Amino acid sequence: LSHAANDNMIDRTREVWKPRLGRDVSREDARQITQNVTDFFGILAEWSRGEKLATANDAATPNNGEVRHES
């Protein structure tokens with residue numbers, strides 16, 4: 001993010017979290033909150049990609065991975 005966009009995000013984070021926490025939120029607190037939320041959604045995106053790959057692999061395996069032995 002640009003410096004101005006980053007400052008705007010920090011200010012907005014402070015506005016959103018101040019009433020929820022019932023206290024003033026420092027710029028450092030807001031930066032940490034922003035980083036934690038960003039990391040959280042990054043992990044969710046990673047998991048989603050992993051699930052899509054697993055689903056694609058399952059679909060490519062006939063009989064859902066079960067081996068059939070014909071007699």
Side-chain angles (χ1 to χ4, degrees):
L1 292 175
S2 71
H3 186 68
N6 189 49
D7 283 347
N8 188 28
M9 183 180 299
I10 297 295
D11 292 341
R12 181 69 181 128
T13 300
R14 292 178 76 195
E15 288 174 21
V16 168
W17 283 93
K18 182 179 179 177
R20 287 167 175 76
L21 295 176
R23 65 174 177 81
D24 194 25
V25 177
S26 71
R27 292 189 66 73
E28 178 58 20
D29 289 341
R31 188 200 62 74
Q32 288 180 10
I33 290 167
T34 301
Q35 186 63 55
N36 290 342
V37 170
T38 300
D39 291 347
F40 174 72
F41 281 101
I43 289 168
L44 291 180
E46 233 178 90
W47 288 351
S48 179
R49 283 190 298 273
E51 287 178 0
K52 287 179 184 175
L53 287 173
T55 301
N57 287 339
D58 288 346
T61 305
N63 301 320
N64 292 325
E66 296 175 8
V67 177
R68 293 192 67 180
H69 297 282
E70 301 291 332
S71 20

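The model shown is predicted, which means the values in this text are computed figures rather than measured ones.
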Next on the checklist: side chain to side chain contact (heavy atoms under 4.5 Å, CB included) for Arg31 and Asn6? Distances and angles first, verdict last.
Outcome noted: CA-CA 9 Å; Arg31 188 200 62 74; Asn6 189 49; over 6 Å; no
Checklist entry - Do Thr38 side-chain atoms and Thr34 backbone N/O form a donor-acceptor pair below 3.5 Å? => result yes
Checklist entry - Can you find a side-chain donor-acceptor pair between Asn36 and Gln32 that sits under 3.5 Å? => result no
Next on the checklist: Looking at every non-hydrogen atom in both residues, tell me the closest pair between Thr13 and Ala30 and how far apart they are.
Outcome noted: CG2-O, 3.7 Å
Item to check | Distance (rounded to the nearest 0.5 Å) between Phe41 CZ and Glu46 CD | outcome: 14.5 Å
Item to check | Same apolar cluster: Leu21 and Val37, side chain cutoff 4.5 Å | outcome: yes
Checklist entry - Under a 4.5 Å side-chain heavy-atom rule over Ile, Leu, Val, Met, Phe, Trp and Tyr, are Val16 and Met9 clustered together? => result no
Item to check | Counterpart residues, side chain to side chain donor-acceptor pair (under 3.5 Å), relative to Ser26 (two or more places apart) | outcome: Asp29
Item to check | Backbone of Val25 reached by a side-chain donor or acceptor of Arg14 within 3.5 Å | outcome: yes
